[in-house]
Amino acid sequence: MSKLRLFPLIPRFAAALALLLFVAGCTTTTPPETMLAVPAAPQKYAAVVIDASSGKTLYEANSTAPRYPASLTKMMTLYLLFEALESGRISKATQIPVSANAAGQPPTKLRFRRGETIDVETAIRAIVVKSANDVAVAVAEYLGGSEDAFAATMTARARQLGMRSTVFRNASGLPDGVQQTTARDMAVLGMALRARFPQHFHYFSESDFMFRGRLVRGHNDMLGRVRGVNGIKTGYIRASGFNIVTSYDADGRRLILVVMGADSARQRNDHVEALIQRSLSTATAATTRLLYAQE
């Protein structure tokens with residue numbers, strides 16, 4: 001009798017097993033969807049996260065759409081300044097003159113007067129930490145003869161690095177309708193700076209410096225906020241929103257992150273931190289749905 005009672009259970013057991021296998025199959029073939037809040041309007045937002053060791057893109061949104069670089073521009077100004085140092089054309093003690101044009105740039109700046117000079121090492125810190133527009137223009141005029149000529153060299157070097165969608169018109173990132181880039185191009189530049197000039201990359205991790213007896217503080221609040229973040233540059237103009245390129249290096253993971261177009265520096269930084277956590281997670285295969293600020 002016990003054997004006869006067992007037989008009716010077999011079809012039900014088989015059906016239950018088939019259902020479990022079907023559910024498991026659906027789970028493995030259809031990744032879960034995650035929500036990601038974006039602190040920007042769709043027409044300004046762009047972002048990319050790249051594994052700097054493998055070159056793999058871990059996250060991207062509008063990464064090849066044209067955007068205004070703002071002071072991320074100064075990353076290329078520094079790239080060319082580092083090249084001049086490496087070639088021996090200048091030294092860190094070289095004095096760079098400040099022209100009337102450079103001194104007349106709008107803030108942020110160190111408020112130099114026409115005819116004053118700044119040494120190269122202080123100029124590097126002024127551009128990285130303070131994002132000083134007067135210093136960026138002084139460097140451009142000194143190295144290029146004029147800011148226009150220097151900007152043409154910046155664009156040419158961008159092409160050589162693989163930044164196919166970037167055009168520079170000035171050395172500072174101040175508003176210019178033609179000066180445009182993409183989040184992916186800025187990631188390329190960030191990786192190039194770290195790979196090409198490892199001996200100078202420490203400047204990007206500095207959050208302040210002394211100038212004429214006073215402490216000058218910087219704008220990059222990601223430094224010291226997240227373990228592993230070691231640079232590199234922020235930027236803002238009204239047309240661009242709040243931009244940042246961030247380098248992460250910890251526990252064997254090396255990332256370059258770019259976020260452009262945020263509504264505020266605080267929201268931008270929160271978003272970068274969320275992208276770092278997402279990229280370090282093993283669950284990055286999930287489909288991501290973006291929730292923009294204006295939705």
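Computed from heavy atoms alone, side chains included, the values below leave out hydrogens, waters and symmetry copies.
- Using a 4.0 Å cut-off between charged nitrogen and carboxylate oxygen, Asp208 and Arg214 do not count as a salt-bridge pair.
- Between Thr73 atom OG1 and Leu174 atom CG the span is 9.0 Å, to the nearest 0.5 Å.
- In this structure, the side chain of Asp134 engages the main chain of Leu110 through a donor-acceptor pair within 3.5 Å.
- Of all non-hydrogen atoms in Leu80 and Arg157, the two that sit nearest each other are CD2-NE, 3.9 Å.
- Side-chain atoms of Ser205 and Asn230 include no donor-acceptor pair closer than 3.5 Å.
- By the rule that hydrophobic residues join a cluster once side-chain heavy atoms approach within less than 4.5 Å of another member, Ile237 and Met75 end up as members of separate clusters.
- Residues Val178 make up the rest of the hydrophobic cluster containing Val167, defined by ILVMFWY side-chain heavy atoms closer than 4.5 Å, directly or through other members.
- Looking at Asn243, its side chain does come within 3.5 Å of a backbone N or O of Gly261 through a donor-acceptor pair.
- Under the rule for a side chain to side chain contact (heavy atoms under 4.5 Å, CB included), the partners of Gln180 that lie at least two apart in sequence or sit in another chain are Pro66, Tyr68.
- Between Met35 and Leu291, the closest heavy-atom pair is CE-CB, 4.0 Å.
- A donor-acceptor pair under 3.5 Å is formed between the side chain of Asp185 and the backbone N or O of Thr166.
- Thr77 and Lys74 are not linked by any side-chain donor-acceptor pair at a separation below 3.5 angstrom, with hydrogens and angles left out of the test.
- Between Ile96 and Ile90 the shortest side-chain heavy-atom distance does not fall below 4.5 Å.
- The main-chain N or O of Ser91 is found under 3.5 Å from a side-chain atom of Thr94 such that the two form a donor-acceptor pair.
- Val48 and Ser63 get closest at one heavy-atom pair: CB-CB, 4.1 Å.
- Defined by atom type and a distance below 3.5 Å, a donor-acceptor pair is missing between the side-chain atoms of Glu141 and Ser146.
- Using a 4.0 Å cut-off between charged side-chain N and carboxylate O, Lys56 and Asp51 make no salt bridge.
- A donor-acceptor pair is defined here as one N or O able to donate and one able to accept, closer than 3.5 Å; no such pair exists between the side chain of Gln267 and the backbone of Ala262.
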Next item on the list: Dump the intermediate steps for salt bridge (Lys or Arg N to Asp or Glu O under 4.0 Å) on Glu116 and Arg212, then the final yes or no.
Entry: CA-CA 13 Å; Glu116 292 184 314; Arg212 294 178 175 174; 3.4 Å; yes
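- Between the side chain of Arg125 and the backbone N or O of Val129 there is no donor-acceptor pair closer than 3.5 Å.
- Nearest heavy-atom pair, Arg217 versus Lys130, reported as atom, atom and distance to 0.1 Å: O-CD, 4.2 Å.
- Among residues two or more places apart in sequence or in another chain, the ring-ring contact (aromatic ring centres under 6.0 Å, His included) test is passed with Phe112 by Phe211.
- A continuous path of ILVMFWY side-chain contacts below 4.5 Å connects Val135 to Met76, so both sit in one hydrophobic cluster.
- Looking at Asp251, its side chain never comes within 3.5 Å of a backbone N or O of Arg253 through a donor-acceptor pair.
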Note to self: Quick one, Thr182 with Arg164, criterion side-chain hydrogen bond (donor to acceptor under 3.5 Å, both in side chains). Give me CA distance, side-chain angles, the key distance, then yes/no.
What the structure shows: CA-CA 9 Å; Thr182 67; Arg164 292 175 289 185; over 6 Å; no
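- Under the 4.5 Å side-chain heavy-atom criterion for Ile, Leu, Val, Met, Phe, Trp and Tyr, Phe242 and Leu257 are members of distinct hydrophobic clusters.
- Using modelled atom types, no side-chain atom of Asn133 and backbone atom of Val137 make a donor-acceptor pair closer than 3.5 Å.
- With no hydrogens or angles considered, no side-chain donor-acceptor pair links Arg169 and Thr155 at under 3.5 Å.
- Of all non-hydrogen atoms in Ala183 and Val258, the two that sit nearest each other are O-CG2, 3.6 Å.
- A donor-acceptor contact under 3.5 angstrom links the side chains of Ser247 and Arg194, judged on distance only.
- Scanning all heavy atoms of the two residues, the minimum distance from Gly228 to Ala250 falls at CA-CB, 3.8 Å.
- With Glu147 contributing its side chain and Ala171 its backbone, the two residues share a donor-acceptor pair below 3.5 Å.
- A search for ring-ring contact (aromatic ring centres under 6.0 Å, His included) contacts involving Phe201 returns Phe204, not counting sequence neighbours.
- Sequence neighbours left out, the pairs with a member in residues 176-197 that pass ring-ring contact (aromatic ring centres under 6.0 Å, His included) are Tyr79-Phe197, Phe82-Phe197.
- Tested against Gln95 for a side-chain contact (heavy atoms from CB on, under 4.5 Å), the candidates Thr122, Thr117, Val120, Ile118 yield a single pass: Thr117.
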Next item on the list: Run the numbers on Asp221 and Arg225 for salt bridge (Lys or Arg N to Asp or Glu O under 4.0 Å), then give the verdict.
Entry: CA-CA 7 Å; Asp221 294 333; Arg225 169 175 171 160; over 6 Å; no
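- A donor-acceptor contact shorter than 3.5 Å is absent between the side chain of His219 and the backbone of Ser131.
- Residue pairs meeting the ring-ring contact (aromatic ring centres under 6.0 Å, His included) criterion with at least one partner in residues 247-279, sequence neighbours excluded, are Tyr45-His271.
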